[in-house]
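Keep in mind that the numbers below use all heavy atoms, side chains included, and drop hydrogens, waters and symmetry copies.
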Amino acid sequence: DLMKVLPRCLVTSVFVLALTANPLHFAGADSTTQISSENSTLNLLKKKARSGDANSQLHLAIVYRDGLHGEKNIKLAFHWFEQAAQSGDVSAQLRVANMLQKGLGTQTNQKAAYQWFSIAAENGNVDALIAKATMLQYGTGTPANPPMAYELFMQAARKDRSDAQIHVAKMLWDGTGIPQNKSDALRWYEASSKLGNIDAKNTLGTLYLKGDTVPKDTQHGLELIIAAASEGHPAAFQNLGLIYQLGLGLPKNNVYAYLWFAVAANIGHQTAEKFKEGLAISMSPVDVEKAKKLAASCKQKNYKKCISF
């Protein structure tokens with residue numbers, strides 16, 4: 001019973017509406033008339049897009065991307081997103097960058113992706129700002145520049161973006177291209193965790209369990225790791241396995257340790273697979289089978305919310 005696993009204490013917009021909502025489709029409507037009207041609306045959208053209307057270009061791209069009315073064509077979607085991007089639509093600029101980065105509807109081109117992320121970021125798009133910072137951090141599509149990446153992540157972090165805050169925290173903690181400052185890193189881990197970032201929760205949880213840079217607080221550490229695991233974080237599942245294996249704040253229990261190692265391994269955590277195999281050597285076949293059944297039950301819940309409080 002998983003309840004026992006953990007303690008309880010722990011176009012214009014008018015054209016778009018016409019395309020997506022099908023307002024012409026009402027009881028008793030003649031199907032031929034309906035199709036003709038939809039085609040007319042779509043043709044008008046195409047005409048406006050070709051005339052240079054950025055809003056129509058964006059929505060025509062969405063039509064091709066999503067296959068509305070049998071018009072699915074990812075290459076044409078990229079073409080019209082690019083046209084809208086060149087016309088100044090910021091959301092289209094971000095989409096073009098993402099498609100270039102992933103090779104969707106066009107060849108992969110990291111350099112061009114970086115350029116479009118830069119343009120969208122300069123136009124105020126925070127997602128683009130974070131993407132640009134990430135490329136600068138790892139030297140993707142542009143020479144690596146960790147200090148500049150840090151500055152961009154910091155800009156987004158100050159806008160309460162938890163994903164940027166975790167980047168800032170990690171760079172400060174490790175001293176990646178900037179002076180190491182664990183106290184400041186901890187502050188950003190806390191900020192990101194409060195905004196719900198599960199990576200931050202898991203990292204903070206381990207710090208509190210070990211008393212690393214913070215006063216040791218086993219209970220709080222467990223709560224944070226459990227919170228991250230309850231949302232499907234692989235590393236948090238592995239940490240739960242270690243907690244039960246070593247008895248960190250909870251009684252030692254190899255069945256539960258194996259369970260969480262298995263769950264983490266099942267969703268791709270390679271280190272957890274090794275921990276699981278090593279632990280199995282000291283377990284009875286009966287206990288291993290029991291742990292496997294608990295892990296299978298967790299899998300049926302798609303690994304999320306499989307922890308009962």
Following the transitive rule for hydrophobic clusters with a side-chain heavy-atom cut-off under 4.5 Å over Ile, Leu, Val, Met, Phe, Trp and Tyr, establish whether Tyr64 and Leu45 coincide in one cluster. yes

State, yes or no, whether a side-chain contact exists between Lys276 and Leu279 at a heavy-atom distance under 4.5 Å. no

I'd like to know if the side chain of Gln57 reaches the main chain of Ala49, judged simply by a donor and an acceptor atom lying under 3.5 Å from each other, with no hydrogens or angles considered. yes

Rounded to the nearest 0.5 Å, the CG atom of Asn125 sits from the OG atom of Ser91 at a distance of 8.5 Å

Shared hydrophobic cluster, Met99 / Val90 (ILVMFWY, side-chain heavy atoms < 4.5 Å): no

Might you confirm whether atom NZ of Lys72 has over 12 heavy atoms from other residues, nucleotides or ligands at distances under 6.0 Å? yes

Please say whether more than 12 non-hydrogen atoms of neighbouring residues, nucleotides or ligands are located less than 6.0 Å from NZ in Lys292. no

Ignoring hydrogens and geometry beyond distance, is a side-chain donor-acceptor pair present between Asn239 and Asn202 at under 3.5 Å? yes

Say whether, by atom type as modelled, one donor and one acceptor occur between the side chain of Ser193 and the main chain of Glu190 under 3.5 angstrom. no

Considering non-hydrogen atoms only, spot the tightest contact between Gly232 and Ile267 and give its length. O-CD1, 4.0 Å

Would you say Asp53 and Ser51 are linked by a side-chain donor-acceptor pair, where the criterion is simply a distance under 3.5 Å? no

Atom of Tyr244, atom of Ala257 and distance for their closest heavy-atom approach: CB-N, 3.7 Å

Search all heavy atoms of Leu294 against all heavy atoms of Leu259 and return the closest pair with its distance. C-CD1, 3.5 Å

Closest approach of Ala157 to Gln165 (non-hydrogen atoms, all atoms of both residues): O-NE2, 3.2 Å

Point-to-point distance, once rounded to the nearest 0.5 Å, from CG of Asn73 to CH2 of Trp80: 12.5 Å

Salt bridge check, Arg95 against Glu82: does any charged N sit closer than 4.0 Å to a carboxylate O? no

Between side-chain atoms of residues 134-156 and protein atoms elsewhere (two or more places apart, or another chain), which donor-acceptor pairs fall under 3.5 Å?
| unit_1 | atom_1 | unit_2 | atom_2 | d |
| --- | --- | --- | --- | --- |
| Thr134 | OG1 | Ile130 | O | 2.9 |
| Asn145 | OD1 | Met148 | N | 3.1 |

Considering all heavy atoms of both residues, which atom of Ala264 and which atom of Ala272 are nearest to each other, and what is their separation? CB-CB, 3.5 Å

Flag the pair Leu186 / Leu204 as yes when at least one side-chain heavy-atom distance between them is below 4.5 Å, and no otherwise. yes

So, taking the atom named CG in Asp174 and the one named CD in Gln180, what distance separates them when rounded to the nearest 0.5 Å? 7.5 Å

Could you give the distance from CG (Leu60) to CZ (Arg65), rounded to the nearest 0.5 Å? 12.0 Å

Side chains of Tyr189 and Lys170, heavy atoms from C-beta outward: is any pair under 4.5 Å? yes

Drop me the distance from Asp217's CG to Leu209's CG, to the nearest 0.5 angstrom. 9.0 Å

State, yes or no, whether a side-chain contact exists between Gln245 and Phe261 at a heavy-atom distance under 4.5 Å. yes

Contact between Gln238 and Trp260 at the side-chain level, heavy atoms closer than 4.5 Å - yes or no? no

Between Thr203 and Ala200, is there a donor-acceptor pair closer than 3.5 Å when you use the side chain of the first and the backbone of the second? no

Test side chain to side chain contact (heavy atoms under 4.5 Å, CB included) on Ile74 and Thr106 and set out the steps. CA-CA 9 Å; Ile74 194 65; Thr106 186; over 6 Å; no

Which residues pass the salt bridge (Lys or Arg N to Asp or Glu O under 4.0 Å) test with Lys182, not counting sequence neighbours? none

Answer whether the closest heavy-atom distance between the side chains of Leu224 and Tyr208 falls below 4.5 Å. yes

Is it the case that the side chain of Lys132 and the backbone of Ala121 share a donor-acceptor pair, with hydrogens and angles ignored and the cut-off at 3.5 Å? no

Determine whether a donor-acceptor pair (N or O, by modelled atom type, separation under 3.5 Å) exists between the side chain of Ser87 and the backbone of Ala54. no

Checking the side chain of Asp66 only, and the main-chain atoms of Leu68 only, is there a donor and an acceptor separated by less than 3.5 Å? no

Please check if Leu42 and Leu58 belong to a single hydrophobic cluster, counting links between Ile, Leu, Val, Met, Phe, Trp and Tyr side chain heavy atoms closer than 4.5 Å. no

Close side-chain approach of Leu129 and Phe117, heavy atoms under 4.5 Å: no

What distance do Leu222 atom CG and Leu250 atom CG have between them, rounded to the nearest 0.5 Å? 5.0 Å

Checking side-chain polar atoms at under 3.5 Å, does Gln93 have a donor or acceptor matched by the opposite partner on Asn123? yes

Sidechain-backbone polar pair: Gln110 side chain, Gln101 backbone, donor-acceptor under 3.5 Å: yes

Between His233 (side chain) and Ala229 (backbone), is there a donor-acceptor pair under 3.5 Å? no

Smallest separation among heavy atoms of Ala85 and Ala92, with atom names: N-CB, 3.6 Å

Charged N to carboxylate O under 4.0 angstrom, Glu277 versus Lys274? no

Pairwise side-chain contact, Leu172 with Trp188, heavy-atom cut-off 4.5 Å (strictly under): yes

Hydrophobic cluster membership, with links at side-chain heavy-atom distances under 4.5 Å among I/L/V/M/F/W/Y: are Val168 and Leu207 in one? no

